[in-house]
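Only one structure is covered here, and it is reproduced in the block below.
Remember, it's 1-based here, ligands and their atoms both numbered in the order they're listed.
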Amino acid sequence: MIARSTQPTQNVDWRHALREAISDPLELLDMLGLDRLDRRVSSLASQQFALRVPRGFVKKMAYQDWSDPLLRQVLPLQDELNDVANFSTDAVGDVLATRELGVLHKYANRVLLITTAACAVHCRYCFRRHFPYAQAVAAKDNWASTMRYLDGHPEVNEVILSGGDPLSLSTAKLRALTDQLQTRPQLRRLRLHTRWPVVLPERIDAELLDWFGSIRLQKVVVIHSNHANELDAAVGHGLAALRARGAELLNQAVLLRGVNDSVDALKNLSEALIAHSVLPYYLHLLDRVQGSAHFEVDEARGVALVDELKAHLPGYLVPRLARETAGAASKTFG
Ligand SMILES: *Cc1c(COP(=O)(O)O)cnc(C)c1O
Ligand code: SF4
């Protein structure tokens, strides 16, 4: 008898996995055994900012549980349509800080590149859901404006690839960028801000690792995970591979009501991160963007949570509570 052919998930092409991502809220509800007529869910919200969630991420959600912390991050809800005072469409001043196509220079010695608008997942609380990407993506001119900016600013010694999510770009495009960056002697570090390793670990494939390992700059990879349930063995495997090729691994999380706003959830997140050799970096207070008010945890509660965390964890596993304030010279700390 011939063995049934099975395809190991590690070999699934990431582009294929991305195409297969769930975009229909009703399909997501069916997969999770939830009532598709439930009034909490909003198709209008998903028209404003599309649902996108990779199947592997859905598999980490609990069945028939509306309060699942992973589901809450991706499900378009009626709550997003509330017009709340002080929640704007450019909460962090990015439009003003854009110096050249896709180049944000707000803080000393480091620039952040909006490399692409695309992400592997659409997080409902995202501070970039209203960003005018079409005019502002650095990949658009093959990085010419990025290089011009760096040449005019020799004090910049660190480049942060952000977005969107930089790993949404093809590895060939990323290589074209880093090849150019490496000709600038002023640069010491390359930083990636990415959620791909968490939500679609198939992205960390042989081609990507080959590129990543070839980069001579010091490499810092800041992943984005908000809950311990996101971090399974497949995620750990990808992170270990990045680390083996020289990455320092950090995590940024967003403090989100109903997702991780408890001492237990934050403690479990830190423990799960360090189990994969990832240090917690920032715990961001929510940026006040329209459509995200139902996620907000107020600052005093954030400060109290982090204070309490200190009683349960070694200092290196306590994230810094950070807020982004338009016009400030750095993140500000609670
Ligand atoms: C958050 C951010 C950075 C990185 O700040 P660090 O404190 O170095 O992590 C850099 N540039 C911009 C525009 C940012 O928003
Ligand atoms: S992955 Fe990051 S940039 Fe993309 S939607 Fe989520 S929070 Fe926003």
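In Arg191, the part holding a heavy atom less than 4.0 Å from any atom of ligand 1 is the side chain. Residue contacts with ligand 1, taken as heavy atom pairs separated by less than 4.0 Å, do not involve Val222 at all. At a heavy-atom cutoff of 4.0 Å, ligand 1 is contacted by the side chain of Glu324 but not by its backbone.
With salt bridges taken as basic N to acidic carboxylate O contacts below 4.0 Å, one links Arg55 and Glu27. Note on Asp210 versus Arg175: salt bridge recorded, some NZ/NE/NH1/NH2 to OD/OE distance being below 4.0 Å. With salt bridges taken as basic N to acidic carboxylate O contacts below 4.0 Å, none links Arg15 and Asp13. One finds a salt bridge joining Lys106 and Glu324 here, because a Lys/Arg side-chain nitrogen approaches an Asp/Glu carboxylate oxygen to under 4.0 Å.
In this structure, Asp165 falls outside the shell of residues with a heavy atom less than 4.0 angstrom from ligand 2. The closest approach between Gly163 and ligand 2 stays at or above 4.0 Å for every heavy atom of the residue.
A side-chain donor-acceptor contact under 3.5 Å links Glu80 to the backbone of Leu77.
Ranked by closest heavy atom to atom 1 (S) of ligand 2, the top entry among Arg195, Gln73, Arg124 is Arg195.
Taking Arg195 as the reference, Gln73, Glu230 meet the side-chain hydrogen bond (donor to acceptor under 3.5 Å, both in side chains) condition, with sequence neighbours excluded.
Residue contacts to atom 6 (Fe) of ligand 2: Cys119 brings no N, O or S atom closer than 2.8 Å.
Under a 4.0 Å criterion applied to the non-hydrogen atoms of Cys126, ligand 2 contributes the atoms 3 (S), 5 (S), 7 (S), 8 (Fe). Distances below 4.0 Å separate heavy atoms of His224 from the following atoms of ligand 2: 7 (S). Atoms of ligand 2 found under 4.0 Å from any heavy atom of Gly164 (numbered from 1 in listed order, with element): 3 (S).
Its side chain outside the 4.5 Å cluster rule for every partner, Tyr63 clusters with none of the Ile, Leu, Val, Met, Phe, Trp and Tyr residues.
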